[in-house]
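Just below is one structure, and these are the notes that go with it.
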Amino acid sequence: MSIKDYVALKKEEMRKEVSELKIVPTLAIIQVNDDPASNAYVKGKLKDAENIGIKGILIKLDESISEEDLIKEINKINNDDSIHGLIVQMPLPKQINEEHIKLMVDPKKDVDGFHPLSSFNPCTPQGIVDYLKAENVDFADKNAVVIGRSNIVGKPMAKMLTNLNCNTTILHSKTSKKNLEMFLANADIIVIAIGKKWFLDKQTFKNDAIIVDVGINREDGKLYGDARPDLNVKLQTPVPGGVGLLTRLTLMKNLLQAYYQEIK
Ligand code: GUN
């Protein structure tokens, strides 16, 4: 099933489920940066919430806010029982340490999965695993290559694939061309999150490989993935209309799970 159809189906299931709940599941989004990418992401999340019947509350703060004042705002939401999930949209302005902020969100409400004690995995790798499972992908003893070592995608992705019994390798921007080509030629599952337009292109792939493209590269107002579209493999996720939709879906799933845990 395409990602678009899969996401539409799952959202419809959630919408039905939410319509039967007495207390409205509620997500708060704190936004500090006013850049176009953050605005677009936040708008997408609020739209998803509305479609499913989740109440979305946007708290837009001034870009000059101090770390201390931002933490006060986070604590207000941490202590508000009517709010089940909280995300702080990243990136944050330079006067604020993002790593401090990630630790201030109550782990029970941390639907982004950024806190080390959060009940949730970060949304992008979790969304990818859920989709691949729905597609009946085999993980055991498969060679997985994750390109990119970020804390929100590459590292948790590699951990999750390893827990699914993949033989996992993490590659990154400093990997040599020779090693890149060697690992790719033997890879069954490739997840690329390196932020370079069409980085995967002329290399050799197994023709039954799976390529999951996490890249979002903007050029002249258009979006490009980290892989050239239509490589000769069994399954390749599109950009746009691919992993971004899975990330957003997982955020809503996590919010519903946080809701059930909190009203219990
Ligand atoms: N900025 C880019 N992606 C994300 C995300 O998944 N969560 C948050 N909070 N900020 C982001």
Side-chain angles (χ1 to χ4, degrees), residues 3 7 26-49 54 56-61 63 65 67 70-71 73-74 77-78 83-94 96-131 146 148-157 159-160 191-195 212-218 223-226 237 239-258:
I3 291 182
V7 169
T26 302
L27 168 70
I29 302 177
I30 293 184
Q31 185 184 358
V32 186
N33 264 344
D34 194 30
D35 61 284
S38 293
N39 285 331
Y41 289 140
V42 167
K43 205 172 137 195
K45 291 169 190 179
L46 289 170
K47 197 177 110 200
D48 287 342
I54 290 168
I57 300 174
L58 175 61
I59 299 136
K60 241 184 160 170
L61 301 172
E63 284 180 273
I65 193 168
E67 189 170 303
L70 176 56
I71 290 171
E73 294 292 333
I74 291 171
I77 297 171
N78 283 342
I83 296 176
H84 310 101
L86 163 63
I87 67 177
V88 181
Q89 187 63 30
M90 304 290 171
L92 292 169
K94 36 182 190 320
I96 298 168
N97 182 322
E98 289 185 358
E99 298 311 310
H100 292 173
I101 295 304
K102 286 179 190 165
L103 297 177
M104 295 318 299
V105 175
D106 180 341
K108 293 196 292 299
K109 297 192 184 189
D110 176 27
V111 284
D112 256 331
F114 287 172
H115 192 293
L117 299 177
S118 174
S119 325
F120 305 98
N121 288 313
C123 297
T124 300
Q126 183 66 56
I128 291 169
V129 164
D130 290 347
Y131 175 66
V146 178
R149 51 185 157 181
S150 70
N151 290 329
I152 46 175
V153 183
K155 287 194 189 110
M157 185 81 250
K159 183 172 165 190
M160 291 168 79
V191 180
I192 179 148
I194 198 167
V212 179
D213 190 345
V214 187
I216 304 176
N217 305 293
R218 281 165 220 273
L223 293 185
Y224 299 90
D226 287 351
T237 66
V239 176
V243 171
L245 299 180
L246 298 176
T247 303
R248 283 163 56 177
L249 176 69
T250 308
L251 181 67
M252 297 299 131
K253 275 195 202 169
N254 287 354
L255 189 275
L256 269 189
Q257 213 178 313

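Note that this is a predicted model, so its numbers are computed, not measured. One-based numbering, in listed order, for ligands and for the atoms of each. Residue indices begin at 1 and follow the sequence shown.
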- Note: ligand 1 atoms sitting under 4.0 Å from heavy atoms of Lys45 are 5 (C), 7 (N), 8 (C)
- Any idea which heavy atoms bring Gly113 and Pro122 closest together, and the distance? O-CG, 3.6 Å
- Message: If you compare all heavy atoms of Arg248 against all heavy atoms of Asp48, which two are closest, and at what distance to 0.1 Å?
- Response: NE-OD2, 2.7 Å
- Query: If you draw a 6.0 Å radius around NZ in Lys108, do more than 12 non-hydrogen atoms from other residues or ligands fall strictly inside?
  - Reply: no
- Message: So, regarding Tyr41 and ligand 1 (criterion: nitrogen or oxygen to nitrogen or oxygen, under 3.5 Å), is there a contact or not?
- Response: no
- Over 12 non-hydrogen atoms of neighbours within 6.0 angstrom of NZ in Lys47: no
- Could you list the atoms of ligand 1 found under 4.0 angstrom from a heavy atom of Val88? 8 (C), 9 (N)
- Among non-hydrogen protein atoms, atom 6 (O) of ligand 1 lies closest to Asp112 OD1, 3.7 Å
- Item | Protein residue, atom and distance nearest to atom 10 (N) of ligand 1, heavy-atom basis | Met90 N, 2.9 Å
- Per-atom filter on ligand 1: closer than 4.0 angstrom to a heavy atom of Gln89 are 1 (N), 2 (C), 8 (C), 9 (N), 10 (N), 11 (C)
- Message: Please determine whether a side-chain nitrogen of the Lys or Arg among Lys102 and Asp112 lies less than 4.0 Å from a carboxylate oxygen of the Asp or Glu.
- Response: no
